[in-house]
Amino acid sequence: MHHRSHIHAALGAVLLTAAALPATAHPASALDTTRLPPPPAPRDGAAGPQAAAGSFRLDGPVTADALRAKVQGCARVSKGLYRSDQGRSADIPVCGKKGAVHWKADLDIDCDGQVTARCNKRTDPWFHGDTAFHQSNGEPLNAEKLPYIVVPAPSKVWDYRAAGVRGGGVAAVVYKDRVEYAVVGDTGPAALVGEASYAAAKSLGIDPDPARGGVASGVTYILFKNSRVTPIESRSAAVKLGGELARKFLQDN
């Protein structure tokens, strides 16, 4: 559902040093979406990795259910609450866990950044040709190709920077049975939360149309503290680092 008030707070160009990893598109992979069958019980009766981590297996991919199970409660870290859209009640807290912050909200489509066939002023009434954080070459991000999430502009409610979240940080976005690893790529209105790029929505099975797509609820955002994808535009680097940090998150919480 796309009801956002699109006034993005540009934070200036953030130039990230390019690493050896190629900035190539990475299709939705088994790492993001595969469910695991329950493993057999240990023969000697001792508790194995499965017992220690719920539905998570240390030697397997991270599942949506395993991540959701770790963020059922909320140790609130925001001073106030956010709205999912203009006109809605402010009832969404930012919560804290070891190594991450998280919230549950809707998903509005952000098509900002580079002009592409699906992200432009014709397809998106709220289109803005820039993003708060930029590619390693200084250009805005490409919402059609790169899964990224939007964080609210710093305010008295919450300042993402003080929480160890930064441009290019990695997040796990969970919807139904899918997990998509995305970068922190843009900032949005200071009072709203729940927005991600065209590519992120598409990978999660959500209608990515910038004018009428999105989903009204049921999306979990887990942002890993003090992380950074280098270069920010590398989808494959985000998937690799996201998988590692998600596994560590499950082990630590």
Side-chain angles (χ1 to χ4, degrees), residues 19 21 24-42 47-75 77 94-107 146-151 163-166 168-185 194 196-197 199-206 215 217-230 232 234-253:
L21 286 169
T24 54
H26 190 287
S29 67
L31 177 63
D32 303 331
T33 60
T34 302
R35 289 174 173 273
L36 292 171
Q50 183 74 11
S55 59
F56 168 62
R57 266 179 51 181
L58 297 178
D59 59 347
V62 174
T63 67
D65 286 344
L67 287 172
R68 268 193 297 264
K70 295 295 185 180
V71 295
Q72 288 301 309
C74 178
V77 296
V94 176
C95 311
K97 296 285 280 189
K98 185 176 180 180
V101 295
H102 63 93
W103 59 79
K104 299 174 185 177
D106 63 342
L107 191 153
L146 180 69
Y148 69 72
I149 67 165
V150 180
V151 292
V165 176
R166 64 183 75 182
V170 67
V173 189
V174 184
Y175 180 66
K176 294 185 177 179
D177 64 345
R178 300 193 185 191
V179 178
E180 176 63 30
Y181 296 112
V183 297
V184 176
S197 69
K202 185 176 180 181
S203 293
L204 290 166
I206 295 170
V215 67
S217 63
V219 181
T220 299
Y221 302 78
I222 303 172
L223 288 65
F224 301 112
K225 296 180 179 180
N226 303 312
S227 63
R228 178 169 288 179
V229 175
T230 306
I232 188 175
S234 175
R235 189 170 184 175
S236 60
V239 170
K240 183 177 185 296
L241 180 59
E244 293 170 355
L245 292 177
R247 184 169 283 102
K248 179 172 173 47
F249 176 76
L250 293 178
Q251 293 176 16
D252 291 346
N253 288 279

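In what follows, residues are counted from 1 in the order of the sequence shown.
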Check the pair V173 / V179 against side chain to side chain contact (heavy atoms under 4.5 Å, CB included), numbers first and verdict last. CA-CA 6 Å; V173 189; V179 178; over 6 Å; no
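- Between A105 and Y221 the shortest heavy-atom distance is CB-CE1, 4.2 Å.
- Using modelled atom types, no side-chain atom of R228 and backbone atom of V170 make a donor-acceptor pair closer than 3.5 Å.
- Atom OG1 of residue T220 and atom OH of residue Y175 lie 11.0 Å apart, to the nearest 0.5 angstrom.
- Here the closest heavy-atom approach between residue A200 and residue A196 is recorded as CB-CB, 3.9 Å.
- Of all heavy-atom pairs between A100 and I222, the closest is CB-CG2, 3.9 Å.
- Every side-chain contact (heavy atoms from CB on, under 4.5 Å) that K225 has, sequence neighbours left out, goes to V101.
- Note that the CD1 atom of I149 and the OG atom of S197 stand 10.0 Å from one another [nearest 0.5 Å].
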If you apply the rule side chain to side chain contact (heavy atoms under 4.5 Å, CB included), what do you find for V184 with V165, and how did you get there? CA-CA 8 Å; V184 176; V165 176; 4.0 Å; yes
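- Not counting sequence neighbours, the partners of A201 by the side-chain contact (heavy atoms from CB on, under 4.5 Å) test are L107, I109, I206, P208.
- Put simply, SG on C95 and CD on Q72 are 11.0 Å apart, with the number rounded to the nearest 0.5 Å.
- For the atom pair CG (L223) and NE2 (H102), the distance works out to 10.5 Å, reported to the nearest 0.5 Å.
- Taking D252 as the reference, K248 meet the side chain to side chain donor-acceptor pair (under 3.5 Å) condition, with sequence neighbours excluded.
- Salt bridge status for K202 with E180: absent, with no side-chain N to carboxylate O gap under 4.0 Å.
- Separation of atoms NZ (K70) and NZ (K98) is listed at 11.5 Å; rounding is to 0.5 Å.
- Across every non-hydrogen atom of L245 and S227, the tightest pair is CD1-CB, 3.6 Å.
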Go through it in stages, so that I can follow the logic: the residues are F249 and V71, the test is side chain to side chain contact (heavy atoms under 4.5 Å, CB included), and I'd like the CA-CA distance, side-chain angles, deciding distance and then a yes or no. CA-CA 11 Å; F249 176 76; V71 295; 3.9 Å; yes
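- For the residue pair R178/T63, the side-chain donor-acceptor check at 3.5 Å is not satisfied.
- The 12-atom threshold is exceeded at NZ of K104, counting heavy atoms of other residues, nucleotides or ligands nearer than 6.0 Å.
- In this structure, OH on Y181 lies 10.0 Å from CD on E244, to the nearest 0.5 angstrom.
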